[in-house]
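Residue numbers start from 1 in every chain, and the chains themselves are labelled A, B, ... in the order their sequence lines are given, proteins ahead of strands. Every value quoted in this text rests on a predicted model; they were computed, and no experiment measured them. Quick note: numbers below take in every heavy atom, side chains included, and nothing from hydrogens, waters or symmetry partners.
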Amino acid sequence: MAATRAGPRAREIFTSLEYGPVPESHACALAWLDTQDRCLGHYVNGKWLKPEHRTSVPCQDPITGENLASCLQAQAEDVAAAVEAARTAFKSWSAHPGVVRAQHLVRLAKVIQKHQRLLWTLESLVTGRAVREVRDGDVQLAQQLLHYHAIQASTQEEALAGWEPMGVIGLILPPTFSFLEMMWRICPALAVGCTVVALVPPASPTPLLLAQLSGELGPFPGILNVISGPTSLVPVLASQPGIQKVAFCGALEEGRALRRTLAGECAELGLALGTESLLLLTDAADVDSAVEGAVDAAWSDRGPGGLRLLIQESVWDEAMRRLQERMGRLRSGRGLDGAVDMGARGAAACDLVQRFVREAQSQGAQVFQAGDVPSEHPFYPPTLVSNLPPASPCARAEVPWPVVVASPFRTAKEALALANGTPRGGSASVWSERLGQALELGYGLQVGTVWINAHGLRDPSVPTGGCKESGCSWHGGPDGLYEYLRPSGTPAQLSCLSKNLNYDTFGLAVPSTLPAGTEIGPSPAPPYGLFVGGRFQAPGARSSRPIQDSSGNLHGYVAEGGAKDIRGAVEAAHQAFPGWAGQSPGARAALLWALAAALERRKSTLASRLERQGVELKAAEAEVELSARRLRAWGARAQAQGHTLQVAGLRGPVLRLREPLGVLAVVCPDEWPLLAFVSLLAPALAYGNTVVMVPSAACPLLALEVCQDMATLFPAGLANVVTGDRDHLTRCLALHQDVQAMWYFGSAQGSQFVEWASAGNLKPVWVNRGCLRAWDQEAEGAGPELGLRSARTKALWLPMGD
Amino acid sequence: ELDLSWISKIQVNHPAVLRRAEQIQARRTVKKEWQAAWLLKAVTFIDLTTLSGDDTSSNIQRLCYKAKYPIREDLLKALNMYDKGITTAAVCVYPARVCDAVKALKAAGCNIPVASVATGFPAGQTHLKTRLEEIRLAVEDGATEIDVVINRSLVLTGQWEALYDEIRQFRKACGEAHLKTILATGELGSLTNVYKASMIAMMAGSDFIKTSTGKETVNATFPVAIVMLRAIRDFFWKTGNKIGFKPAGGIRSAKDSLAWLSLVKEELGDEWLKPELFRIGASTLLSDIERQIYHHVTGRYAAYHDLPMS
């Protein structure tokens with residue numbers, strides 16, 4: 001008989017039945033680092049870039065602290081080189097037919113499949129996450145992402161006709177949670193024809209490895225460039241000429257700061273912020289399964305952040321008992337161990353959670369910790385925080401990994417109020433076996449993703465994103481593609497940066513206006529007042545501004561709106577919102593059609609007012625007719641909202657819902673005083689928003705004429721029109737925290753201000769940077785872009801089975 | 001004893017349980033010595049079973065010998081486990097073979113219990129009177145554990161009181177013998193029914209609840225097991241009584257048996273990992289475990305003739 005290999009411990013284990021170590025060999029990860037001589041540079045244009053005279057940062061094993069490699073830190077010129085490579089690559093990459101790009105993505109998926117062990121061991125080694133999750137989850141999903149987007153690329157010419165790739169995308173990633181964050185964004189960008197420069201934090205080798213795998217595939221070396229460097233490089237990257245979009249994923253305050261920094265810059269900004277998730281546990285739930293949902297969310301290395309847990313009071317004791325019991329069985333340890341639930345996340349994450357838990361305790365919370373967790377730094381046990389006073393700072397703050405903050409609610413209505421009462425709008429799960437209740441909560445939650453009786457499911461075909469302060473950028477599904485597309489023929493984004501724009505004083509004071517005589521001319525006296533809450537009101541300032549016609553004569557006076565009037569208008573819009581959003585698309589369409597008919601009845605008045613602004617009579621009549629057509633068209637288009645997605649491996653549908661944004665502020669352009677006003681009003685209303693509009697500054701009278709019809713047709717507050725100084729009103733709207741989105745068509749400076757001010761509540765903004773738009777053209781005046789910007793997506797997962 | 005409020009409010013979400021079942025198999029593995037020790041432990045949980053129409057005293061005798069000596073002696077010595085007295089937990093046979101088994105085990109000089117299936121196994125579609133009589137006869141023959149099948153029609157029509165009464169009568173007929181109640185989960189229609197039947201069986205005094213007969217199309221599966229284990233935990237929390245769990249049918253590989261051990265460890269805890277509270281009903285599993293132990297000890301893969309058959 002051969003020599004025995006059995007160790008001495010079998011006897012003890014036979015009695016204790018404990019788990020042993022299941023180490024995953026990371027030899028291949030180390031061997032790959034050796035090929036780089038343990039010194040990682042940047043991967044640019046299909047080659048390693050290791051410039052001299054750069055500082056380097058050590059890449060350490062987060063658990064042992066062992067030095068794995070040193071990583072060179074990029075400087076501005078390295079960034080420039082990467083962007084240049086991406087610009088060059090963009091010319092050929094975007095010119096190729098989608099099928100060619102699809103082939104490249106599929107080849108990359110195959111390469112990942114062949115080298116997946118290298119990928120998962122390297123990722124787990126440097127991030128400290130449980131290798132099981134990387135191996136069975138992330139690496140598989142990465143391949144699915146490439147395959148899904150390859151299909152999108154191959155059908156791009158038909159399916160996405162009328163759209164073109166933006167150009168070079170700057171991608172900014174947070175200190176690595178998972179390389180998937182990069183995959184979610186580069187896949188759609190590359191698929192539609194964009195090229196990417198990714199700025200990753202120091203010491204993130206996996207993105208570099210992926211760039212290398214992609215680069216070595218051959219013909220398109222410069223499409224994916226990865227540079228690693230400090231966050232101070234973010235503005236450098238964003239302001240490189242040629243960068244058309246910056247996709248940022250990371251912490252809330254960093255995103256907010258970046259929004260302010262990039263105001264007026266040429267690059268568009270997409271933000272995906274925060275990591276917290278939410279779980280609603282009702283008394284009609286399978287509590288044990290909901291507890292597993294909490295484990296999936298916070299204690300399994302699947303999601304990046306912590307969890308806010310709302311439990312119905314009647315099952316509070318039961319849920320807490322099961323939760324605590326389950327926590328006791330969690331295992332934490334070295335990520336490369338195949339039998340742990342949680343790894344470690346490095347010193348920074350550990351410090352963050354320690355601070356949070358200490359503060360929560362000092363604010364009166366109860367803290368429960370359990371699980372089989374190594375006691376040394378940087379491991380941190382699964383933590384359950386309860387009894388946190390609702391008004392305490394910790395109850396408002398974002399919950400860090402691996403903490404679950406539990407609080408009770410009494411009714412489903414209260415659950416919605418509590419859940420929607422946070423500034424975050426990422427993802428949430430609802431646990432209830434009652435279909436009606438689950439759907440009510442699922443539709444009511446203001447978040448980007450809702451899972452019913454599940455948590456943390458992901459699929460390439462399902463859009464993932466958020467609203468409110470989670471940022472409004474999307475990845476996955478059709479929404480992920482549109483992030484990197486713009487309507488064909490749109491000129492490349494230009495910078496409208498005005499360095500000496502003073503944000504503190506822009507639009508602060510209203511220039512005083514004096515009476516300029518009395519109205520003359522044939523037309524009847526124009527309507528006067530601010531159209532707020534369904535009727536014309538006198539402005540708070542009790543003053544007016546004169547409006548001239550094209551020959552310089554006085555056309556009429558309009559009310560001088562101010563901050564208080566904006567406040568009133570936003571309030572009125574909010575009051576009207578629930579009723580309007582609850583209407584069926586058909587009912588909304590009927591109202592828009594009624595307005596269209598009213599417009600046609602008023603045609604002669606409107607045309608004569610347009611004539612006084614210097615428009616030929618024929619053109620004026622055409623503008624009125626086109627406006628009426630726009631109203632009817634949007635009413636019809638909004639009928640088809642959202643659709644059902646089928647997801648591999650999931651029984652049951654995923655609904656892609658298109659929900660209204662809320663109160664939308666619209667600052668109309670000077671030109672096309674009627675058509676532009678109606679073209680913006682129609683999609684906004686059709687998708688269920690209520691609006692506060694600032695009409696054309698040159699001729700607001702047309703909009704006020706329309707208001708006369710809205711006063712009789714529309715519910716009060718649905719559309720509010722405030723006239724006055726445009727800069728001043730823009731300032732009030734852009735800084736308003738309770739305006740959910742803003743469209744601005746005015747000056748370059750105004751655009752820059754709106755972008756800067758939107759950082760306050762991170763409302764999505766759409767600005768024209770002082771460029772004129774052809775409102776009479778179908779593409780620019782009524783294109784699908786307006787529909788996309790008028791609503792936000794929500795993915796509702798409905799797994800089924802009995 | 002019967003409290004229908006324990007089952008009236010229960011909710012079991014099928015897809016969520018399926019996901020948990022998938023995860024639990026991927027999240028825990030054991031390697032090296034741990035694997036060897038766990039496999040030996042698994043041996044002590046096995047109800048070594050033969051339930052065939054062609055069972056005779058000779059293959060029952062061979063089965064009993066294998067129950068007494070489940071792993072080759074030199075392998076146990078190499079693992080320093082020879083003196084642990086490792087045997088299977090019981091042998092499980094048809095009522096007519098109980099006498100053979102008792103005799104064979106006595107001859108082998110050991111006190112491994114004999115389990116007998118009863119009550120019209122596997123379908124349970126005979127008269128209550130004959131089913132009860134079957135139990136009494138098996139006990140008389142020397143079976144100390146009785147695996148009864150429940151009347152599925154009572155579950156499917158929601159007659160929980162009637163189900164409770166029947167199992168109470170089984171319990172009475174068993175006398176001192178252990179009562180293992182087979183739920184035949186493959187025929188109960190839904191996981192919610194599995195939970196309810198588990199609860200009723202425990203309230204009626206079962207010592208074990210068992211997944212299946214091994215004769216249905218769907219046998220011991222992880223989703224079903226998760227629901228039954230959760231019911232066992234709920235029952236323990238409500239009454240303080242620990243009820244045993246026995247998966248049976250379709251558990252053939254050593255790897256499967258490890259997954260079942262970790263499932264019980266994860267859902268109920270270490271105190272359930274003993275033969276009084278956990279059994280695995282299996283016939284071919286033992287030889288695969290022995291094969292793995294052989295490999296662990298020698299570093300080689302065993303040929304068919306290297307290990308004695310059961």
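Contacts with chain B were tallied for R326(A), E325(A), M800(A), E292(A); E292(A) has the most, counting heavy-atom pairs under 4.5 Å. Heavy-atom pairs under 4.5 Å with chain A peak, among L261(B), L40(B), I226(B), at L40(B). Comparing V287(A), D296(A), V340(A) by heavy-atom pairs within less than 4.5 Å of chain B, the highest count is held by D296(A).
Contacts between residues 12-20 of chain B and chain A, counted as heavy-atom pairs separated by less than 4.5 Å, involve V12(B), N13(B), H14(B), P15(B), A16(B), V17(B), R19(B), R20(B). The interface of residues 267-274 of chain B with chain A, defined by heavy-atom distances below 4.5 Å, comprises E267(B), L268(B), G269(B), D270(B), L273(B).
Judged purely by atom type and a 3.5 angstrom limit, R28(B) has no side-chain atom pairing as donor or acceptor with the backbone of A259(B). For R308(A) (side chain) and A406(A) (main-chain N/O), no donor-acceptor pair under 3.5 Å exists by modelled atom type. A donor-acceptor contact shorter than 3.5 Å links the side chain of R129(A) to the backbone of D301(A). Side-chain atoms of W431(A) do not come within 3.5 Å of backbone N or O of T282(A) as any donor-acceptor pair.
The residues R322(A) and D234(B) are annotated as salt-bridged, a charged nitrogen and a carboxylate oxygen being separated by less than 4.0 angstrom. D372(A) has a carboxylate O that lies under 4.0 Å from a charged side-chain N of R331(A), or vice versa, which qualifies the two as a salt bridge. R410(A) and E313(A) are not joined by a salt bridge, as no carboxylate oxygen comes within less than 4.0 angstrom of a charged side-chain nitrogen. A salt bridge between K66(B) and E290(B) is present, with a side-chain N of the basic residue lying under 4.0 Å from a carboxylate O of the acidic one.
Q159(B) and T157(B) share a donor-acceptor pair across their side chains, judged by distance under 3.5 Å alone.
Of the two parts of D283(A), neither the backbone nor the side chain holds a non-hydrogen atom closer than 4.5 Å to a non-hydrogen atom of chain B. For a residue to count as touching a neighbouring chain, one of its non-hydrogen atoms must lie under 4.5 Å from one of that chain's; by this rule E18(A) touches chain B with backbone and side chain alike. Proximity to chain B involves both the backbone and the side chain of R329(A), based on heavy atoms less than 4.5 angstrom apart. With a 4.5 Å cut-off on non-hydrogen atoms, A285(A) touches chain B through its backbone but not through its side chain. Proximity to chain B (any heavy atom under 4.5 Å) is restricted, for D136(A), to the side chain, taken from C-beta onward. Looking at R434(A), there are no atoms closer than 4.5 Å to chain B (heavy atoms on both sides), in backbone or side chain. Only the side chain of L457(A) comes within less than 4.5 Å of a heavy atom in chain B; its backbone stays farther off.
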